[in-house]
Amino acid sequence: MVYRLRPVGLEFVADAPLRMVLASRTAAAPEEVFRALALDVPGWTRWFRAVTLARPVQTAGHEGREVHLLGGARFMETVMAAEPSHRYAYRVDVTNVPGVRALLEEWQLLPSGTGTVVRWTIALDAPAPVRLLVALGRPGLRHAFRDAILTLDRRLAAMRGSTR
């Protein structure tokens, strides 16, 4: 079954009924991390283990993404912000996951010495039982995020090494 979510703007990051903010540091510079997030969408499958397919698409004349996750969840997304070396955000427009009313994710890239603190915010609107389930999944999500950033860090370091 397909579910169309409520379209939300970037302000939803602050206004959502449920917000989860995860952060991790990488040795890569913000511009390298931004390239991996926004410009190499298919590359997500090589560093974010939960992502089984990611590809750029056009949605109603806007940049978008199609993303599939382990377990069968699928998302059609609209890119809401792509600010080089600073922020990448997208909202989910259509999914096969029941119970979600609105979902927006924002990746902020904060310079930290020669590296980057990557802050991932998940903003969600759903009925209370679904919000509770998502909140209970926070430890697993935190682990998946940290693993993804560690893998991304290694991948970007290897890419830097191969260009020297």
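Only this structure's heavy atoms are used, side chains among them; waters, hydrogens and symmetry mates stay out. Predicted model, so just to flag it, every value in this text is computed and none were measured.
- A salt bridge (Lys or Arg N to Asp or Glu O under 4.0 Å) check over residues 32-46, counting only residues at least two apart or in different chains, returns the pairs E32-R160, D40-R46, D40-R155.
- Across all their heavy atoms, V97 and A73 have their closest contact at CG2-CB, 3.7 Å.
- The hydrophobic cluster containing F75 also contains L124, counting ILVMFWY residues as joined when their side-chain heavy atoms lie under 4.5 angstrom apart, directly or transitively.
- Residues I122 and L103 meet the side-chain proximity criterion, which asks for heavy atoms closer than 4.5 Å.
- Between R74 and T95, the closest side-chain pair of non-hydrogen atoms is not below 4.5 Å.
- Side-chain contact check for W120 and E105: at least one donor-acceptor pair (N or O, by modelled atom type) lies under 3.5 Å.
- Nearest approach of A81 to L10, heavy atoms of both residues: CB-CD1, 4.0 Å.
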ask   = Under the side-chain contact (heavy atoms from CB on, under 4.5 Å) criterion, do Y88 and V33 qualify, and how do the steps go?
value = CA-CA 10 Å; Y88 185 60; V33 179; over 6 Å; no

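- L104 and L141 fall into different hydrophobic clusters, where Ile, Leu, Val, Met, Phe, Trp and Tyr side chains are chained together by heavy-atom contacts under 4.5 Å.
- Cation-pi check for R154 over W47 is not met; the charged atom does not lie both under 6.0 angstrom from the ring centroid and within 45 degrees of its normal.
- No continuous path of ILVMFWY side-chain contacts below 4.5 Å connects L109 to M80, so the two sit in separate hydrophobic clusters.
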Hey, can you pull the donor-acceptor pairs under 3.5 Å for the side chains in residues 13-28, sequence neighbours left out?
unit_1	atom_1	unit_2	atom_2	d
R19	NE	V13	O	2.4
R25	NE	S112	OG	3.2
R25	NH2	S112	O	2.6
T26	OG1	A28	N	3.3
T26	OG1	D153	OD1	2.6

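- The minimum heavy-atom distance linking F12 with A102 is given by the pair CZ-CB, 3.8 Å.
- Note: L152 CG to W44 CH2 = 9.5 Å, rounded to the nearest 0.5 Å.
- Inter-residue side-chain proximity for R146 and I149 is flagged as unmet; no heavy-atom pair is nearer than 4.5 Å.
- A cation-pi arrangement is present between R65 and Y90 under the rule of less than 6.0 angstrom and at most 45 degrees off the ring axis.
- R55 meets the salt bridge (Lys or Arg N to Asp or Glu O under 4.0 Å) test with E66; sequence neighbours excluded.
- Note on L150: it does not cluster hydrophobically with F48, by side-chain heavy-atom contacts below 4.5 Å among ILVMFWY residues.
- Using a 4.5 Å cut-off on side-chain heavy atoms (C-beta onward), V118 and W107 make contact.
- Taken from CG in L39 to CZ in F34, the straight-line distance is 5.5 Å, to the nearest 0.5 Å.
- Residues satisfying the side chain to side chain contact (heavy atoms under 4.5 Å, CB included) test with P56, not counting sequence neighbours, are V41, P42.
- Here V130 pairs with A126, P127, V134 under the side chain to side chain contact (heavy atoms under 4.5 Å, CB included) rule; sequence neighbours left out.
- A salt bridge does not link R91 to E77: none of the charged nitrogens lies less than 4.0 Å from a carboxylate oxygen.
- Screening residues 122-142 for salt bridge (Lys or Arg N to Asp or Glu O under 4.0 Å), with sequence neighbours left out, gives R6-D125, R101-D125.
- At a threshold of 4.5 Å between non-hydrogen side-chain atoms, the residues D93 and L5 do not count as touching.
- F145 and L69 fall within a single hydrophobic cluster, where Ile, Leu, Val, Met, Phe, Trp and Tyr side chains are chained together by heavy-atom contacts under 4.5 Å.
- The line from CZ of R87 to CZ of R119 is 11.0 Å long, rounded to the nearest 0.5 Å.
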